[in-house]
*Asks:* 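Encoded as structure tokens, here's the structure I'll be asking about.
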Amino acid sequence: MPELPEVETVRVGLVHLLGANAVIARVQLTRADLRLPIPPRLPARLRGQPIRAVRRRAKYLLFETPAATLLCHLGMTGTWRLAPPGDERAHDHCYLHLGDGRRLAFRDPRRFGLLDLIEPGAEARHPALAGLGPEPLDHDAFSAAYLAARCAGRRTAIKPLIMDQGVVVGVGNIYAAEALHRAGIRPSRRVGTLSRPRLAGLVEAIRVVLAEAILAGGSTISDFRQAGGASGYFQSAFRVYDRAGQPCLACGTTLRGRVLGGRSTVWCPRCQS
DNA sequence: CGGGTTACCTGACGGC
DNA sequence: TGCCGTCAGGTAACCC
């Protein structure tokens, strides 16, 4: 489901739900594995721990406690919600019982998500986090010069490149398509053929589209919900995603679609080169 | 090495 | 109505 804007929206929602003094009274797992095994020691390690912060790195959520950090990836279908008594649903895999009696539920029907434990100080070494590229909204780390360096000597297409979490984090299939349209770059364009100014334009387009989507509360397609249950509304701002065969909103040309790198891809043959 | 393909899982949707 | 094929926002292990 979620790319950076959706994960950030969930994070902010969780921060608001949890407030300042939230405590994990008890962790209840209803299965032992998602995409990977959930560490059996996880409930015991987090029991009684105060949540000092909920942070985001790439598409990961990090619930920070003094004893350990709970790492969560939403995969395609992961959601967190407040689950009042009686609100147990199929595919609820984990409940965080809070000190004030409330309960947070992690639900993930496809189980592509991840729940793991990070020991204090070990965050940079965690396999899921160690190889990640810079945050796209970090202007210093994610620059045209940086992207040009990552493109150098490579012959891959630009769309899979910007979706590579080792190059830049947080960009998935939707926002890759949207950013490339805004930058006027064809998704199949070989990275080595893009000039520095065009890469600069792409860096800017990625930042702008992600920032706009965060402001809109993310995109709600299928069942994505903010942690509080509200819908995002950036999906109404999609210019190309899921619009193959429809007119380009900029020039009216029929948008084209094809599979690129195994992912559905849409672009305007006139605006994007 | 890099890039394309496949697998992981369930649910929703369209066609017949 | 219901069955079947296809597709889905992500990631990682494969194979050439």
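Computed from a predicted model, the values in this text were never measured in an experiment. Naming: A, B, ... by sequence-line order, numbering from 1 per chain. Both backbone and side-chain heavy atoms feed into the values below; hydrogens, waters and symmetry mates do not.
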*Asks:* Checking Ser188(A) against Lys159(A): is there a side-chain donor and acceptor pair closer than 3.5 Å?
*Replies:*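 No, because no side-chain N or O of Lys159(A) sits under 3.5 Å from a partner of the opposite role on Ser188(A).
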*Asks:* Pairing donors with acceptors under 3.5 angstrom, does anything connect the side chains of Asp116(A) and His126(A)?
*Replies:*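 Result is yes, a qualifying pair exists.
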*Asks:* May I ask you to verify if any side-chain N or O of Thr156(A) is less than 4.0 angstrom from the OP1 or OP2 atom of dG3(B)?
*Replies:*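 Answer is yes, contact under 4.0 Å.
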*Asks:* Rounded to whole angstrom, note down the P distance from dT5(B) over to dC7(C).
*Replies:*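 Comparing P positions in dT5(B) and dC7(C) gives a spacing of 14 Å.
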*Asks:* Base, sugar-phosphate alone, or nothing: which one does Gly262(A) contact when heavy atoms must sit under 4.0 Å apart?
*Replies:*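 Answer is nothing: Gly262(A) stays at 4.0 Å or more from every strand.
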*Asks:* Should His91(A) be listed as having a side-chain N or O under 4.0 Å from OP1 or OP2 of dG11(B)?
*Replies:*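 True: His91(A) side-chain N/O within range (under 4.0 Å) of dG11(B) OP1/OP2.
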*Asks:* Is the distance from the ring center of Trp267(A) to that of Tyr241(A) below 6.0 Å?
*Replies:*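 Here the rings of Tyr241(A) and Trp267(A) have centres that are no less than 6.0 Å from each other.
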*Asks:* Begin from the C-alpha positions of His93(A) and His91(A) and carry the test side chain to side chain contact (heavy atoms under 4.5 Å, CB included) through to its verdict.
*Replies:* CA-CA 6 Å; His93(A) 306 311; His91(A) 314 298; 4.0 Å; yes
*Asks:* Specify the separation, in whole Å, of atom CG of Leu36(A) and atom P of dT11(C).
*Replies:*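 Atom-to-atom, Leu36(A) to dT11(C), this comes out as 12 Å.
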*Asks:* May I ask you to verify if any side-chain N or O of Arg111(A) is less than 4.0 angstrom from the OP1 or OP2 atom of dG10(C)?
*Replies:*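 No, Arg111(A) has no side-chain N/O under 4.0 Å of OP1/OP2 on dG10(C).
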*Asks:* Strictly below 4.0 Å: does Lys59(A) bring a side-chain N or O up to OP1 or OP2 of dG9(C)?
*Replies:*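 No, no such contact exists.
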*Asks:* Tell me: CG of Leu114(A) to C1' of dA12(C), nearest whole Å?
*Replies:*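 These atoms are roughly 12 Å apart.
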*Asks:* Could Arg103(A) and Tyr95(A) be counted as a cation-pi pair, given that NZ or CZ must be under 6.0 Å from the ring centre and within 45° of the axis?
*Replies:*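 Flagged: Arg103(A) positioned over aromatic ring of Tyr95(A).
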*Asks:* Grab the CZ-P distance between Phe238(A) and dA8(C) for me, whole Å please.
*Replies:*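 Going from Phe238(A) (CZ) to dA8(C) (P), I get 13 Å.
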*Asks:* Please state how far atom CZ in Arg243(A) lies from atom P in dG9(C), giving the value in whole angstrom units.
*Replies:*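 Distance check: Arg243(A) CZ to dG9(C) P gives 17 Å.
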*Asks:* For dC16(B), which nucleotide is its Watson-Crick or G-U wobble mate, given both distances must be under 3.5 Å?
*Replies:*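 Pairing partner, where one exists within any strand: dG2(C).
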*Asks:* In whole Å, I'd like the distance from the CG atom of Asp92(A) to the P atom of dG11(B).
*Replies:*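 That distance rounds to 12 Å.
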*Asks:* Going by centres under 5.5 angstrom and planes under 30 degrees, do the aromatic ring of Phe112(A) and the base ring of dC8(B) stack?
*Replies:*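 Stack criterion met.
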*Asks:* Distance check needed: dG9(C) C1' versus Gln165(A) CD, whole Å only.
*Replies:*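 Rounded to whole Å, this separation is 12 Å.
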*Asks:* Please determine, for dC9(B), whether a Watson-Crick or G-U wobble partner exists with both distances under 3.5 Å, and give it or none.
*Replies:*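 Base partner found: none.
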*Asks:* Decide side chain to side chain contact (heavy atoms under 4.5 Å, CB included) for Leu129(A) and Glu123(A); before the verdict, give the C-alpha distance in whole Å, the side-chain angles of both, and the deciding distance to 0.1 Å.
*Replies:* CA-CA 7 Å; Leu129(A) 304 179; Glu123(A) 186 179 318; 3.5 Å; yes
*Asks:* Just how far, in rounded Å, is C1' of dC13(B) from CG of Asp242(A)?
*Replies:*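 Rounding to the nearest Å, CG of Asp242(A) and C1' of dC13(B) are 12 Å apart.
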*Asks:* Let's see if you can work this out: which of dG10(C), dG11(B), dG9(C) has an atom nearest to the side-chain heavy atoms of Arg35(A)?
*Replies:*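 Closest of the options to the side chain of Arg35(A): dG10(C).
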*Asks:* Establish, with yes or no, whether the OP1 or OP2 oxygen of dG9(C) is under 4.0 angstrom from a side-chain nitrogen or oxygen of Arg263(A).
*Replies:*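 For dG9(C), OP1/OP2 do have a side-chain N/O of Arg263(A) under 4.0 Å.
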*Asks:* Over how many whole Å does the gap from Leu74(A) atom CG to dG9(C) atom C1' extend?
*Replies:*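 Between C1' of dG9(C) and CG of Leu74(A): 11 Å.
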*Asks:* Examine the base of dA8(C) for any acceptor or donor lying under 3.5 Å from a partner atom in the side chain of Arg110(A), and report the outcome as yes or no.
*Replies:*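 A donor-acceptor contact between them is present.
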*Asks:* Give me the distance, rounded to whole Å, that separates dT6(C) from dT6(B) when you measure between the P atoms they each carry.
*Replies:*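 Approximately 13 Å lies between the P atom of dT6(C) and that of dT6(B).
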*Asks:* Determine: side-chain N/O of Tyr175(A) to OP1/OP2 of dG9(C), distance under 4.0 Å, yes or no.
*Replies:*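 No, no such contact exists.
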*Asks:* Hey, does the side chain of Ser264(A) come within less than 4.0 Å of dA8(C)'s phosphate (OP1/OP2), counting only N and O?
*Replies:*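 Looking at the OP1 and OP2 atoms of dA8(C), one of them is under 4.0 Å from a side-chain N or O of Ser264(A).
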*Asks:* Expressed as a whole number of Å, how far does the P atom of dC9(B) sit from that of dC14(C)?
*Replies:*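 The same atom, P, in both gives a distance of 15 Å.
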